[in-house]
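What follows is a set of notes on a single structure, which appears directly below.
Letters A, B, ... mirror the listed sequences (proteins, then strands); counts begin at 1.
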Amino acid sequence: MMQKEKKTVTDFQEKVYAAVKRIPQGKVTTYKLLAKEVRCKSSQAVGQALKRNPFAPMVPCHRVILSDLSIGGFAGQTHGEEITRKQMLLKQEGILFDNGKLCDIGQIHYS
DNA sequence: TCTGTGACCGCTG
DNA sequence: ACAGCGGCCACAG
């Protein structure tokens with residue numbers, strides 16, 4: 001029998017985190033693509049999962065960007081120094097941004 | 001149970 | 001190129 005445990009994280013979130021962890025280093029993905037991985041029609045729900053990301057250092061949420069190839073958000077902010085931090089993290093992964101847009105389109109991890 | 005909100009997406013003007 | 005609007009799903013209070 002399945003005892004109901006009080007899970008702070010829902011199955012949906014686990015699915016999202018699993019997909020993010022699947023992203024190879026030096027590559028990026030978009031919320032929409034990620035949503036596709038979890039069979040979700042809304043990428044916004046995916047964004048919420050990352051925002052609430054309880055596995056901050058465990059999940060490379062900085063590898064997730066907008067479908068518009070823009071940097072997106074980070075640390076719960078859509079703009080600010082934290083965003084610059086995200087850009088720097090990506091730079092260390094070998095991913096460069098140009099004027100807030102992804103420079104190397106070929107670095108996107110397609111499903 | 002209902003409502004508001006969000007690290008979004010796409011179209012239209 | 002930019003701004004506005006609606007739609008979409010999941011979560012918190």
Side-chain angles (χ1 to χ4, degrees):
Chain A
M1 69 231 263
M2 307 244 301
Q3 293 270 42
K4 284 164 38 127
E5 292 184 31
K6 297 196 69 138
K7 36 177 24 177
T8 55
V9 182
T10 64
D11 296 324
F12 182 77
Q13 279 172 284
E14 284 186 20
K15 239 186 279 201
V16 174
Y17 304 137
V20 175
K21 288 192 293 193
R22 278 207 306 239
I23 304 172
Q25 201 239 20
K27 290 235 174 157
V28 290
T29 190
T30 67
Y31 289 100
K32 200 169 162 127
L33 254 17
L34 199 55
K36 213 162 180 224
E37 288 288 309
V38 298
R39 291 298 159 71
C40 188
K41 284 184 228 168
S42 179
S43 47
Q44 197 160 23
V46 178
Q48 283 226 337
L50 290 176
K51 178 181 174 190
R52 296 198 161 263
N53 178 4
F55 308 97
M58 186 165 136
V59 178
C61 38
H62 59 268
R63 284 182 200 156
V64 186
I65 61 175
L66 297 191
S67 304
D68 207 66
L69 307 182
S70 57
I71 187 72
F74 193 60
Q77 314 181 62
T78 56
H79 62 297
E81 294 300 309
E82 296 301 315
I83 303 301
T84 308
R85 207 74 26 92
K86 178 174 178 179
Q87 234 173 101
M88 213 187 288
L89 284 168
L90 290 166
K91 188 152 92 171
Q92 294 176 61
E93 304 261 320
I95 302 162
L96 299 177
F97 273 79
D98 174 61
N99 194 4
K101 295 284 174 116
L102 183 64
C103 200
D104 297 310
I105 307 288
Q107 296 296 356
I108 302 177
H109 173 65
Y110 295 97
S111 45

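Straight-line distance from the CD atom of A/E14 to the C1' atom of C/dA10: 15 Å, rounded to whole Å. In this entry the distance linking CD of A/Q13 with P of B/dG6 reads 17 Å, nearest Å. Atom CG in A/N53 sits about 14 Å away from atom P in C/dC11, given to the nearest Å. Rounded to a whole Å, the CG atom of A/D68 is 12 Å from the C1' atom of C/dA1. Between the CD atom of A/Q48 and the C1' atom of B/dC9 there is a distance of 15 Å, rounded to whole Å. Rounded to an integer number of Å, the gap from A/L66 CG to C/dC8 P is 20 Å.
Atom NE2 in A/H109 sits 10.5 Å away from atom OG1 in A/T30 (nearest 0.5 Å). Separating the OG1 atom in A/T29 from the CZ atom in A/R22 is a distance of 10.0 Å, to the nearest 0.5 Å.
A/Q87 and A/T84 are not linked by any side-chain donor-acceptor pair at a separation below 3.5 angstrom, with hydrogens and angles left out of the test.
Residue A/Y17 forms a side-chain hydrogen bond (donor to acceptor under 3.5 Å, both in side chains) with just one option from A/E14, A/K15, A/Q13, and that option is A/Q13. Remark: of the listed residues A/K86, A/Q92, A/M88, A/K86 is the sole one forming a side-chain contact (heavy atoms from CB on, under 4.5 Å) with A/L90.
Side chain of A/R63 to main chain of A/I23: a donor-acceptor pair is present (N/O by atom type, distance under 3.5 Å, no hydrogens or angles).
Looking at heavy atoms from C-beta onward, A/L102 lies in side-chain contact with A/I108 at the 4.5 angstrom threshold. Using a 4.5 Å heavy-atom threshold, the side chains of A/I65 and A/Y31 count as separate.
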Original post:
How does DNA chain C look in dot-bracket form if you count Watson-Crick and G-U pairs under 3.5 Å, write [ ] for pairs that cross, and put | where a base pairs with another strand?
Top reply: .||||||.|||||
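DNA chain C is contacted by A/C40, A/K41, A/S42, A/Q44, A/A45 of residues 22-47 of chain A, taking any non-hydrogen atom closer than 4.0 Å.
Under the 4.5 Å side-chain heavy-atom criterion for Ile, Leu, Val, Met, Phe, Trp and Tyr, A/L66 and A/V38 are members of the same hydrophobic cluster.
Using a 4.0 Å heavy-atom distance criterion, A/L50 is classed as a base contact.
The phosphate of C/dC11 has OP1 or OP2 within less than 4.0 Å of a side-chain N or O from A/T10.
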